[in-house]
Amino acid sequence: MSVKILVVDDNPDILANVRDFFEMKGWTVETATSGTAAAERIGPESPYDLIVLDVGLPGMDGFTLCRHLRLQGVRAPIVMLTARDSIDDRVEGLSGGADDYVVKPFSLRELAARVEAHLRRSFGGDAARLTVGDLIFDVAAQRVTRGGVEIKLNPTGLKILKTLMLRSPSVVERGELEEILWQSSPPDSDSLRSNLYLVRQAVDKPFDRALIRTHPGLGWSIAAR
């Protein structure tokens, strides 16, 4: 799943930090510094999977741009950034078509987590069929094949693989995988690493090319290379 995001903010430091952090996750990121420039770039047929939009833009502000995009038929999720944390501002943004609202100063990890949640919903967290290269996951049938060869996984392995495939080629962090698998009560032992080992043994070892990759200190990803 290739992800393309537009970040709109007139602060060059915020643009650079958000772009760099998002690109570390494997997302393609473009930037704009004004509402007018963003509107011209997006158009009715948005090439972006999600838009991060600052409220306090010069000229056309974020609220106005958000309403304009929705009137143009743009359906990509919009996450708004603002230094104003009043209820009225939140209501204005959400009623104008925004999907979420993050208050400055914000954590890059929090922003990325919000973005990831909307991307999962946008791409269909319960999609019937996931594909990465020659790996196919029929979610409805809970059946995994690679190159036509059926792969057997336990329920935990299936959840891990589904999460990685939904987010491909982005990196999925350990904490997020543990939350998906065990909510707030992960096992005491290193069950995640053990289950990931079993997934890799089934998905990659019998084949010439590995799809699952470890990112030390970050997490794991799956991608067709």
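Fair warning: this is a prediction, and the values are worked out from it, not measured in the lab. The residues of the chain are indexed from 1 along the displayed sequence.
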Notebook entry, point to check: At their closest point, which heavy atom of L53 faces which heavy atom of L57, and how far apart are they?
Noted result: CD1-CD1, 3.6 Å

Item checked: Distance, nearest 0.5 Å, that separates CZ of R143 from NZ of K152 -> 8.0 Å

Check: Do L71 and L6 belong to the same hydrophobic cluster, where Ile, Leu, Val, Met, Phe, Trp and Tyr are linked whenever their side-chain heavy atoms lie under 4.5 Å apart, directly or via other members?
Finding: no

Next item on the list: Could you give me the CA-CA distance, side-chain angles and deciding distance for D134 and R146, then say whether salt bridge (charged side-chain N to carboxylate O under 4.0 Å, His left out) is met?
Entry: CA-CA 5 Å; D134 59 350; R146 183 169 179 188; 3.0 Å; yes

Next item on the list: Kindly give the heavy-atom pair with the smallest separation between V171 and E116, and that separation in Å.
Entry: O-OE2, 4.4 Å

Check: Can you name the nearest heavy-atom pair linking R70 to D99, along with the distance?
Finding: NH2-OD2, 2.8 Å

Margin query: Minimum heavy-atom separation for V29 and E23, please, with both atom names.
Written below: CG2-CG, 4.0 Å

Notebook entry, point to check: For the hydrophobic clusters of this structure (ILVMFWY residues joined by side-chain heavy atoms under 4.5 Å, transitively), does one cluster hold both F22 and M24?
Noted result: no

Next item on the list: Indicate yes or no for a side-chain donor-acceptor contact from R41 to the backbone of T31 under 3.5 Å, with no hydrogens or angles considered.
Entry: yes

Notebook entry, point to check: Same cluster or not: are V74 and F63 linked, directly or through other Ile, Leu, Val, Met, Phe, Trp or Tyr residues, by side-chain heavy atoms under 4.5 angstrom apart?
Noted result: yes

Checklist line | Verify same cluster id: L211, I136 (apolar side-chain graph, 4.5 Å) | finding: no

Check: Are L177 and I222 in one and the same hydrophobic cluster, where Ile, Leu, Val, Met, Phe, Trp and Tyr link if side-chain heavy atoms are under 4.5 Å apart?
Finding: yes

Margin query: Taking K25's backbone N and O only, do any of them form a donor-acceptor pair with S170's side chain (distance below 3.5 Å, no angle check)?
Written below: yes

Checklist line | Closest non-hydrogen atom pair between D9 and K104, with its separation | finding: OD2-NZ, 3.1 Å

Enumerate, atom names and distances included, each donor-acceptor pair closer than 3.5 Å involving a side-chain atom of residues 194-201, sequence neighbours excluded.
{"unit_1": "S194", "atom_1": "OG", "unit_2": "D190", "atom_2": "O", "d": "3.2"}
{"unit_1": "N195", "atom_1": "ND2", "unit_2": "S191", "atom_2": "O", "d": "2.8"}
{"unit_1": "R200", "atom_1": "NH1", "unit_2": "T214", "atom_2": "OG1", "d": "2.5"}
{"unit_1": "R200", "atom_1": "NH2", "unit_2": "I212", "atom_2": "O", "d": "2.9"}

Check: Quick one: does D49's side chain have a donor or acceptor within less than 3.5 Å of a partner on I5's backbone?
Finding: no

Check: Between CZ of R114 and CG of L81, what distance do you get to the nearest 0.5 Å?
Finding: 10.5 Å

Item checked: Interatomic spacing from CH2 in W27 to NZ in K4 - rounded to 0.5 Å -> 16.0 Å

Note to self: I need the minimum non-hydrogen distance between F21 and A112, along with the two atoms involved.
What the structure shows: CE2-CB, 3.7 Å

